[in-house]
Each structure stands twice: as structure tokens, then as C-alpha cells.
*Asks:* 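To start, I am sharing the structure in question, which I have written as C-alpha cells.
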Amino acid sequence: MNMSALEKRFVNAEGHSRSVANLFERRLRHIPDVSPGMRYLDVGCGNGAAAARMATAFGLEVTGVDADPEQVRLARAAANDIRLGAVRGSVRFEEARVERLPFPDEAFEIVGTNKMTHHVPDWSAAIAEMARVLARGGYLVYGDFVFPEWLARLGRRVVPGAGYPTVRGLEAAADAAGMAPIQWTRGLVTLEAVWWKPGPPVR
């Protein structure tokens with residue numbers, strides 16, 4: 001499900017963009033071994049603010065993807081404006097859907113996403129696809145709304161073009177992908193999690 005013009009105005013506002021970047025930076029600090037040069041994938045990168053922060057704050061090699069070509073255009077323009085490659089890390093942006101990420105297996109040490117899966121009807125497949133491109137020993141950093149089981153069932157009937165992640169469903173999807181939680185914070189209507197994909201790093 002694509003964002004409406006009103007949603008885009010909200011998510012692209014400077015204050016909201018800064019807030020999302022702060023969230024990503026805080027979540028990455030739950031990871032014990034983040035180091036410059038690690039490959040990071042931002043799924044649903046929007047205007048690229050969070051991806052840019054991860055490149056500059058941690059020195060990561062960041063790839064941002066979004067299904068919306070307009071958002072990708074904004075992200076590329078912002079990256080060019082601040083010359084990220086000359087600052088610390090690097091960042092690039094591509095148009096792609098989370099259900100079909102154009103990357104080989106185990107291509108990234110960190111995959112991050114924020115409030116994206118509720119736009120994807122088959123959000124459990126999105127979790128599986130993000131896990132596929134995550135390297136062994138890597139981390140999936142996740143945040144989104146979660147729905148009670150009854151509301152998710154109702155929502156799928158009323159608005160089938162949206163996604164309705166549930167706590168139990170997320171636990172099952174992560175388990176099926178072979179990932180283990182290392183951080184888990186449940187809010188009233190949200191969930192933040194960091195999952196680890198066991199195994200020795202491929203680098």
C-alpha cells in the first residue's frame with residue numbers, strides 16, 4: 001500500500017525526518033559490534049534522512065531502498081547535497097520492493113526498517129526477505145505498529161491492501177527465518193526489536 005500525499009507531507013517534514021533518524025541511531029546502539037565499513041540496508045528508506053545519519057554517525061556503507069520512486073529521488077538529492085561519501089560512510093539509494101529485494105543472500109551485516117511493514121499486506125514474507133539478505137552474525141533492526149489478533153483479522157477483510165503485523169506473527173516469522181531476539185520493547189501499539197541471525201560472520 002502506497003502512502004497518500006498527506007502521509008508523505010508528514011513523513012518528509014524536517015522534524016519527523018530528524019526524529020526517525022534519532023530512532024535508528026538509538027536502535028543501532030543496541031548492537032554490540034557496529035563498526036565502520038559494515039554494510040547496512042535501510043528498507044523503506046523514505047527521504048533518506050535515517051540512512052544518511054547511519055552513514056555519517058557510524059561510518060557504515062549504507063544502501064537505502066524504497067518502493068516509491070519519488071521518495072528515492074528525494075533521498076538521492078539529499079545525499080548529493082551533503083556529499084556523504086566525503087564525510088565518513090557512504091550511501092546510495094535504489095527503488096525496490098521489500099518482497100523482492102534485488103540483492104544476493106547474506107549481502108548485509110545490518111538490515112533496518114521503521115514503520116514499513118504495516119504498508120505490506122504479506123508482511124511476514126517481508127520479514128523473510130529481509131532475513132534472506134542478512135548475513136550470518138548480522139542484525140535485523142525493526143520497528144512498527146502491532147495489532148491485536150482480532151483487529152488484524154478484521155483489517156485484512158476491511159482494508160486488504162495494508163499490513164497488520166502482530167506480536168505472535170512477528171515472533172513466528174523471525175523464528176522461521178532462524179533469527180533470535182536480543183532486544184524487544186513493546187509499546188502500547190508499537191514494537192521495537194533487534195534480531196540476531198546466528199552463525200559466524202561471512203566477512
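Counting begins at 1 with the first residue of the sequence. For the numbers below, each heavy atom of this structure counts, side chains included, while hydrogens, waters and symmetry mates do not.
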*Asks:* Which heavy atom of Thr166 sits nearest a heavy atom of Trp123, and at what distance?
*Replies:*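 Of all heavy-atom pairs spanning Thr166 and Trp123, the closest is N-CZ2, 3.7 Å.
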*Asks:* Quick one: pull up CG in Leu28 and CZ in Arg53 and give me the separation to the nearest 0.5 Å.
*Replies:*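 Output value for this atom pair is 11.5 Å.
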*Asks:* So, for Leu140 and Met179, which heavy atoms are closest and what is the spacing to 0.1 Å?
*Replies:*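 Closest pair (atom of Leu140, atom of Met179, distance): CD2-CE, 3.6 Å.
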*Asks:* Under a 3.5 Å distance rule, please check whether Asn47 uses its side chain to pair with a backbone N or O of Gln71 as donor and acceptor.
*Replies:*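 Pair absent, no side-chain N/O of Asn47 close to backbone of Gln71.
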*Asks:* Say whether, by atom type as modelled, one donor and one acceptor occur between the side chain of Asp66 and the main chain of Gly46 under 3.5 angstrom.
*Replies:*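 Yes.
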*Asks:* Taking 4.0 angstrom as the limit, do Arg100 and Glu129 come out as a salt bridge?
*Replies:*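 No, no charged N to carboxylate O under 4.0 Å.
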*Asks:* Specify whether Trp195 and Tyr142 have parallel, tilted or perpendicular ring planes, treating 30° as the upper limit for parallel and 60° as the lower limit for perpendicular.
*Replies:*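 Tilted: the ring planes of Trp195 and Tyr142 meet at 30° to 60°.
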*Asks:* Could you report the tightest heavy-atom contact between Pro102 and Ala96, atom names first, then the distance?
*Replies:*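 Heavy atoms only, the tightest pair is CD-CB, 3.6 Å.
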*Asks:* Would you please test Phe93 and Asp42 for side-chain contact (heavy atoms from CB on, under 4.5 Å) and show each step?
*Replies:* CA-CA 9 Å; Phe93 298 99; Asp42 183 344; over 6 Å; no
*Asks:* Specify the closest pair of heavy atoms between Ala131 and Lys197, including all atoms of both residues, with the distance to one decimal.
*Replies:*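 Nearest heavy atoms, Ala131 then Lys197: O-NZ, 2.8 Å.
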*Asks:* Hey, are the side chains of Val34 and Leu60 touching, using non-hydrogen atoms and a 4.5 Å cut-off?
*Replies:*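 Yes, close enough: below the 4.5 Å cut-off.
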*Asks:* Under the side-chain contact (heavy atoms from CB on, under 4.5 Å) rule, what do Tyr139 and Ile182 come out as? Steps first, then yes or no, please.
*Replies:* CA-CA 9 Å; Tyr139 301 90; Ile182 64 167; 3.6 Å; yes
*Asks:* Can you see whether Thr185 engages Gln183 through a side-chain donor-acceptor pair at a distance of less than 3.5 angstrom?
*Replies:*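 Note: Thr185 and Gln183 side chains meet the donor-acceptor criterion.
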*Asks:* Are the side chains of Met130 and Met116 in touch, meaning some heavy atoms are under 4.5 Å apart?
*Replies:*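 Sidechains of Met116 and Met130: in contact.
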*Asks:* Should the pair Glu95-Arg73 be classified as a salt bridge under the 4.0 Å nitrogen-to-oxygen rule?
*Replies:*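 No salt bridge links Glu95 with Arg73.
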*Asks:* Please round to the nearest 0.5 Å and tell me the distance separating atom CG of Asp175 and atom CD of Glu171.
*Replies:*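 Those atoms lie 9.0 Å apart.
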*Asks:* Stepwise, does the side-chain contact (heavy atoms from CB on, under 4.5 Å) test hold for Val65 with Leu101?
*Replies:* CA-CA 9 Å; Val65 296; Leu101 293 171; 4.1 Å; yes
*Asks:* Which heavy atom in Pro165 sits nearest to a heavy atom in Thr117, and how many Å separate them?
*Replies:*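 Smallest interatomic distance, heavy atoms only, reads CG-OG1, 3.6 Å.
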*Asks:* Within the structure provided, determine whether Val141 and Glu192 are in side-chain contact (heavy-atom separation under 4.5 Å).
*Replies:*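 They are not in side-chain contact.
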*Asks:* Considering all heavy atoms of both residues, which atom of Gly112 and which atom of Phe24 are nearest to each other, and what is their separation?
*Replies:*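 It is C-CE2, 4.0 Å.
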*Asks:* Is there side-chain contact between Glu99 and Val120, with at least one heavy-atom pair below 4.5 Å?
*Replies:*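 Yes, at least one pair of side-chain atoms sits under 4.5 Å.
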*Asks:* Can you confirm whether Leu191 sits close enough to Asp144 that some side-chain heavy atom of one is under 4.5 Å from a side-chain heavy atom of the other?
*Replies:*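 Contact flag for Leu191/Asp144 side chains = no.
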*Asks:* Could you walk me through whether Arg39 and Glu106 pass the salt bridge (charged side-chain N to carboxylate O under 4.0 Å, His left out) check?
*Replies:* CA-CA 10 Å; Arg39 298 163 297 178; Glu106 302 189 12; over 6 Å; no
*Asks:* Under 4.0 Å between a Lys/Arg side-chain N and an Asp/Glu carboxylate O for Arg27 and Glu25?
*Replies:*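 No, no charged N to carboxylate O under 4.0 Å.
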*Asks:* May I ask you to test the Glu94-Val72 pair for a side-chain heavy-atom distance under 4.5 Å?
*Replies:*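 They are not in side-chain contact.
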*Asks:* State plainly whether one hydrophobic cluster holds both Leu23 and Val146, where clusters connect Ile, Leu, Val, Met, Phe, Trp and Tyr through side-chain heavy atoms under 4.5 angstrom apart.
*Replies:*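 Unlinked, Leu23 and Val146 end up in two clusters.
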*Asks:* Go through the steps to decide whether Ile110 and Met38 satisfy the test side-chain contact (heavy atoms from CB on, under 4.5 Å), and finish with yes or no.
*Replies:* CA-CA 8 Å; Ile110 306 171; Met38 292 179 77; 4.2 Å; yes
*Asks:* Report yes if the distance between the aromatic ring centroids of Phe108 and Phe103 is under 6.0 Å, otherwise no.
*Replies:*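 Centroid separation for Phe108 and Phe103: below 6.0 Å.
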*Asks:* Between Phe145 and Lys115, is there a cation-pi geometry (under 6.0 Å to ring centre, at most 45° from the normal)?
*Replies:*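 That pair qualifies as a cation-pi contact.
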*Asks:* Between the main-chain N or O of Val43 and the side-chain N or O of Thr113, is there a donor-acceptor pair closer than 3.5 Å?
*Replies:*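 Checking the backbone N and O of Val43 against the side chain of Thr113, a donor-acceptor pair under 3.5 Å is found.
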*Asks:* Any side-chain donor paired with an acceptor under 3.5 Å for Asp33 and Ser35?
*Replies:*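 No, Ser35 and Asp33 have no side-chain donor paired with an acceptor closer than 3.5 Å.
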*Asks:* Rounded at 0.5 Å granularity, tell me how far SG in Cys45 sits from CG in Asn114.
*Replies:*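 Those atoms lie 12.0 Å apart.
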